[in-house]
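We name chains A, B, ... by the order of the sequence lines, and we start the count at 1 in each one. The analysis underlying the following values was restricted to heavy atoms, covering all of them including side chains, and did not include hydrogens, waters or symmetry mates.
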Amino acid sequence: MSTPVLRVRNLNVWLSNHHIVRQVNMEVPDKCVYALMGPSGSGKSTLLRALNRLLDIYEEARVEGEVLLDGVNIYDPKVDPIWVRRRIGMVFQYPNPFPHMSIYDNVAIGPKLNRMVKSKRELDELVKWALEKAYLWDEVKNRLDMPASKLSGGQKQRLSIARALALKPRLLLMDEPTANLDPVATEKIEELIVELKKEIPIVLVTHSPEQAARIADYTAFLYRGELIEVGPTGRIFTQPRHPLTEKYLLRRL
Amino acid sequence: MARASSRLRQLKNFTGLAAITLLSILAILPLFHIIGTVAINGLKAITRSGLDFLTKPPNPLNPSQPGGIAPVLKDSLLLVILSSIIGIPLALLTGVFISEFRSATISRLVFTLSLLLVEFPTILVGLYVYSVIVKPMGHYSLLAGAISLSLVMMPYVAVQVSEALRNTPRDVREAAFSLGVSRTRVVYNILLGAARKSIIVGVLIGVAKIAGETAPLLFTAGGSFTSQTTCALKPGGAIPLMIYEYIQQPGEGYRILAWGASLILLLVVFTIMIIAKILVKEVKL
């Protein structure tokens, strides 16, 4: 395992007074898909939102512990949460392009607000690049001005991915990105994830062990806020070491 | 036995339905009566002057040719525009503040006060503006009226804006924050846009509300209904104010003009409301 991109140390999260994430330690290596699987309510989404400080926007959330992105603790008081979120892209469970913006603007808004480009031409190129990376360019290149709300579910999700990619993130977080998609759209997104990981490591939350088995290099099993077992996906699925993991994989949990 | 109880049930059902229908009719009957009365009397008045009703000054002493309400129409328009210019930007800022800094004590205070002010007796707003603006200036003015109206509009629009922002879906909000931009930019560059239709609806209803307000203008705008010039710093009239004054005057000409003005006011307010209604239907996310 090369140096990890993301290292989580003794992470605890409380929402109001509920202890949602308990003492989690994990390491996400570069150029791989790292799946967080577990039954609903196990704290996967909350853990994910702690990794880019998105929890900061909720007053009821409290985080303790360290999350190191390339060695920098993102919870260090000197670190700006805005910088963290700009470096770590995120894709959500429900395909959520900004409904009032065009396809183009959805991708362009991030780079524009972050002043990443100097000219309109540069922005055009970045938008094209992001849409190509997200396997969407060919389908939308002639209607970039169309409202994003008119796309199909799968296209919307790929647009959300393009929106995240346009910021050239160091790491991509995905919160059950295919939970609301049909099997064909799901397959396309999974293909995309496997392609993307060559450049950007991905932390993927999934409630489907099958998805983890299909595309993840490493799989972590989360249960009631605790990280029960982590390992290379093949090993986790063929020789689970913890009885809870085995039970979960056999659908007995 | 079973059949008898079934018949009883049907009877109960029928009486229940009949009672509800009757009560609903009773409840909406006055509304239709008001609209009908205004429409009939207003139409009678307006047909007497024709298009002149919108373009000529009033001539209440000649009931056969009563003239129109042009000066008041202009004054009313200026009042609505001025109070929107003063009220809407401030209400937007307040609305954003209330919804985005929800836990701050001052923001909760502002929210509670705004809710309270929405139901505040508007005549007191008029009195307040009279004492702080009209008295120092020494005379009534449309500007004082506009300030008074903007005070009536602001709390309502602010509450609507904050509700609209609060109702933006959680995932759109999260997506906006995940782009690594500050809270200010999230709100102004993304969320206000996403909520823009509900916000426009709130603003429109606020405008419709003040277009028909009388009480805040009683001690502020003055009440000249014939002057040909419209100036913000001079006294002026407004449609509701004119209705209030003219309907009390003896003489048929006054009453005709008041009814005509009522119909125009009703049409203006209805148009704004209908636009708002159509927009509400279109709000899709």
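Heavy-atom contacts from other residues, nucleotides or ligands closer than 6.0 Å to NE2 of A/His19 number more than 12. Taking a 6.0 Å sphere around CG of B/Leu31, one finds it holds more than 12 heavy atoms contributed by other residues, nucleotides or ligands. For A/Lys118, the NZ atom sits in a loose shell: 12 or fewer heavy atoms of surrounding residues, nucleotides or ligands are nearer than 6.0 Å. Atom OH of A/Tyr75 is surrounded by more than 12 heavy atoms from other residues, nucleotides or ligands within 6.0 Å. Heavy atoms from other residues, nucleotides or ligands lying under 6.0 Å from CG of A/Asn17 number 12 at most.
A donor-acceptor pair is defined here as one N or O able to donate and one able to accept, closer than 3.5 Å; no such pair exists between the side chain of B/Asp171 and the backbone of A/Asn96. Remark: side-chain polar atoms of A/Asn114 are paired, donor with acceptor, to backbone N or O of B/Leu179 under 3.5 angstrom.
Under the 4.5 Å side-chain criterion, counting only non-hydrogen atoms from C-beta, A/Phe92 is not in contact with B/Arg170. Put simply, the side chain of A/Ile57 does not reach to within 4.5 Å of the side chain of B/Val186, judged on heavy atoms. Looking at B/Glu174 and A/Met90, their side chains never come closer than 4.5 Å, going by heavy atoms from C-beta outward. With a 4.5 Å cut-off on side-chain heavy atoms, B/Pro169 and A/Tyr94 do not count as touching.
If you take CD on A/Glu59 and CZ on B/Phe101, they are separated by 10.0 Å, rounding to the nearest 0.5 Å.
Contact residues of residues 158-168 of chain A toward chain B are A/Arg163, A/Leu167 (heavy-atom distance under 4.5 Å).
Looking at A/Leu173, there are no atoms closer than 4.5 Å to chain B (heavy atoms on both sides), in backbone or side chain. For chain B, the nearby part of A/Leu54 is the side chain; its heavy atoms alone come within less than 4.5 Å.
Nearest heavy-atom pair across B/Val172 and A/Pro99 is CG2-CD, 4.3 Å.
Evaluation of the salt bridge (charged side-chain N to carboxylate O under 4.0 Å, His left out) rule for A/Arg115 yields no partner, not counting sequence neighbours.
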